[in-house]
Every structure is written in C-alpha cells, then in structure tokens.
Trainee: 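Let me give you the structure first, and then I'll get to my questions.
Note that the coordinates shown come from a computational prediction; the quantities given were computed from them, not determined experimentally.
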Amino acid sequence: QVQLVESGGGSVQAGGSLRLSCAASGRTSEMYVRGWFRQAPGKEREFVAAITWSGDNTYSDSAKGRFTVSRDNAKNTVYLQMNTLKPEDTAVYYCAAGATTVRAPQREYYYWGQGTQVTVSS
C-alpha cells in the first residue's frame, strides 16, 4: 500500500527549468524502483527516468543530458530536475513505484501518482 503525490508542475517557457517532486507514503519498500513517466496529448505514456534506493538510475534518450532524477530516502521522495525544457516536453508527468530494476517496463510499476501537468511554451 503506497500512495504517491506529484508536485512542482506548471508552465514554463522553452529553455526554462522545473523541478518535480514525488512524495510516497504508506508501506514503501527499499526494493521499489521509483520511476517518472509522461504522457503527451494524443500519445502513449512513455518512460522518462528511474532510480533505485541506492541511486542507480537511467534515462530516456530525450531526457538524457537535460533531466536529473534523484532520491531522498529519508523523506521517501524522488525528484526530477528538468532543464532546457522544450515544447515537446509538454505532458502530464507521473511518478511510479514498484518495479525491481531501472529497466523495467511500465507494467511492473504498480503504484502510480495522479500526475502533474508540465507545459512548455515556445
């Protein structure tokens, strides 16, 4: 039983930055990989980044070099620092938990937040 709540979304101009947070509560586990996903209008939800308890992480090609995922285990919170944002980054961003590796498919994440909107204007 894990509840996830995202925050930090909003509107920003191209080239700007946003920092998303995802706080977890309930029966969290050190084994739970924490992931970030996004879904743009008319598109399927896609992977953005993931991180393990120990800090191992991975990124999608679009996020690599611009986004940074981090984790504060004491606060049960993960973050996604997004820099050099582009209009194509516009999407609802979701926090997820429950996978066992950073390369796990979406179906292996069984806890999901409600999503937070990120809008990047040109």
Side-chain angles (χ1 to χ4, degrees):
Q1 296 181 349
V2 176
Q3 295 79 46
L4 304 173
V5 179
E6 303 97 333
S7 62
S11 298
V12 64
Q13 292 186 339
S17 299
L18 285 173
R19 184 177 177 86
L20 306 183
S21 299
C22 177
S25 61
R27 292 190 174 184
T28 59
S29 172
E30 295 181 1
M31 299 299 297
Y32 289 164
V33 170
R34 302 284 290 275
W36 287 99
F37 298 80
R38 68 186 184 186
Q39 187 168 22
K43 297 185 180 297
E44 295 184 352
R45 187 169 59 196
E46 65 178 3
F47 172 79
V48 177
I51 186 169
T52 69
W53 178 272
S54 60
D56 295 330
N57 56 61
T58 191
Y59 300 90
S60 67
D61 288 341
S62 63
K64 195 174 303 180
R66 298 188 299 129
F67 295 1
T68 302
V69 64
S70 60
R71 184 168 185 166
D72 186 338
N73 293 330
K75 297 180 179 180
N76 286 325
T77 300
V78 295
Y79 306 92
L80 185 68
Q81 178 67 46
M82 304 186 293
N83 298 325
T84 319
L85 284 163
K86 305 174 181 179
E88 49 263 46
D89 294 318
T90 295
V92 176
Y93 283 70
Y94 296 92
C95 177
T100 57
T101 76
V102 295
R103 292 168 293 281
Q106 292 186 36
R107 58 182 168 81
E108 294 189 12
Y109 290 86
Y110 48 95
Y111 298 109
W112 293 83
Q114 80 288 344
T116 185
Q117 177 70 48
V118 171
T119 302
V120 184
S121 60
S122 60

Trainee: For a side-chain contact (heavy atoms from CB on, under 4.5 Å) check, start with the C-alpha distance between Trp36 and Ile51, then their side-chain angles and the critical distance, and finish with the verdict.
Mentor: CA-CA 9 Å; Trp36 287 99; Ile51 186 169; over 6 Å; no
Trainee: Quick check: does any side chain N or O of Gln106 sit under 3.5 Å from a backbone N or O of Arg45, one acting as donor and the other as acceptor?
Mentor: yes
Trainee: Does any N or O in the side chain of Asp89 come within less than 3.5 Å of the main-chain N or O of Pro87, such that one atom is a donor and the other an acceptor?
Mentor: no
Trainee: How long is the straight-line distance from CG of Leu85 back to OG of Ser17, given to the nearest 0.5 Å?
Mentor: 6.0 Å
Trainee: One pair to check against side-chain contact (heavy atoms from CB on, under 4.5 Å): Val118 and Leu18. What are the steps and the verdict?
Mentor: CA-CA 8 Å; Val118 171; Leu18 285 173; 3.8 Å; yes
Trainee: Measure the OG-CD distance between Ser62 and Glu46 for me, rounded to the nearest 0.5 Å.
Mentor: 5.5 Å
Trainee: Is it true that atom CD of Gln117 has more than 12 heavy atoms of other residues, nucleotides or ligands lying nearer than 6.0 Å?
Mentor: yes
Trainee: Rounded at 0.5 Å granularity, tell me how far CG in Leu20 sits from OH in Tyr93.
Mentor: 7.5 Å
Trainee: Looking only at atom types and distance, does a side-chain atom of Tyr59 sit under 3.5 Å from a main-chain N or O of Arg66, one as donor and one as acceptor?
Mentor: no
Trainee: Mind checking whether Phe37 and Trp112 have parallel, tilted or perpendicular rings, split at 30° and 60°?
Mentor: tilted
Trainee: In the single-linkage hydrophobic clustering (I, L, V, M, F, W, Y; side-chain heavy atoms under 4.5 Å), do Val33 and Val78 co-cluster?
Mentor: no
Trainee: Just by modelled atom types, is the Val120 backbone N or O under 3.5 Å from a matching donor or acceptor in the Thr90 side chain?
Mentor: yes
Trainee: With a sphere of 6.0 Å drawn around CD of Glu88, does it hold more than 12 non-hydrogen atoms of other residues, nucleotides or ligands?
Mentor: yes
Trainee: Hey, are the side chains of Asn83 and Phe67 touching, using non-hydrogen atoms and a 4.5 Å cut-off?
Mentor: no
Trainee: Quiz question: by atom type and distance under 3.5 Å, do the side chains of Tyr32 and Tyr110 form a donor-acceptor pair?
Mentor: yes
Trainee: Would you call Gln39 and Tyr94 a side-chain contact if the rule is heavy atoms closer than 4.5 Å?
Mentor: yes
Trainee: For a quick check under 3.5 Å, do Asp72 and Thr77 share a side-chain donor-acceptor pair by atom type?
Mentor: no
Trainee: Do Val102 and Asn57 come within less than 4.5 Å of each other through their side chains, counting heavy atoms only?
Mentor: no
Trainee: Can you tell me which residue among Arg34, Met31, Arg71 is in a side chain to side chain contact (heavy atoms under 4.5 Å, CB included) with Trp53?
Mentor: Arg71
Trainee: Enumerate the residue pairs fulfilling disulfide bond (SG atoms under 2.5 Å apart) with a member in residues 40-122, sequence neighbours excluded, ordered by first and then second residue.
Mentor: Cys22-Cys95
Trainee: Is atom CZ of Arg19 surrounded by more than 12 heavy atoms (other residues, nucleotides or ligands) closer than 6.0 Å?
Mentor: yes
Trainee: Between Glu6 and Gln114, is there a donor-acceptor pair closer than 3.5 Å when you use the side chain of the first and the backbone of the second?
Mentor: yes
Trainee: If we ignore angles and hydrogens, is there a donor and acceptor under 3.5 Å between the side chains of Ser60 and Arg38?
Mentor: no
Trainee: Side chains of Val92 and Thr116, heavy atoms from C-beta outward: is any pair under 4.5 Å?
Mentor: no
Trainee: If you define the side chain from C-beta out and look only at heavy atoms, does anything of Thr68 sit under 4.5 Å from Leu80?
Mentor: no
Trainee: If you compare all heavy atoms of Thr101 against all heavy atoms of Tyr109, which two are closest, and at what distance to 0.1 Å?
Mentor: O-OH, 4.2 Å
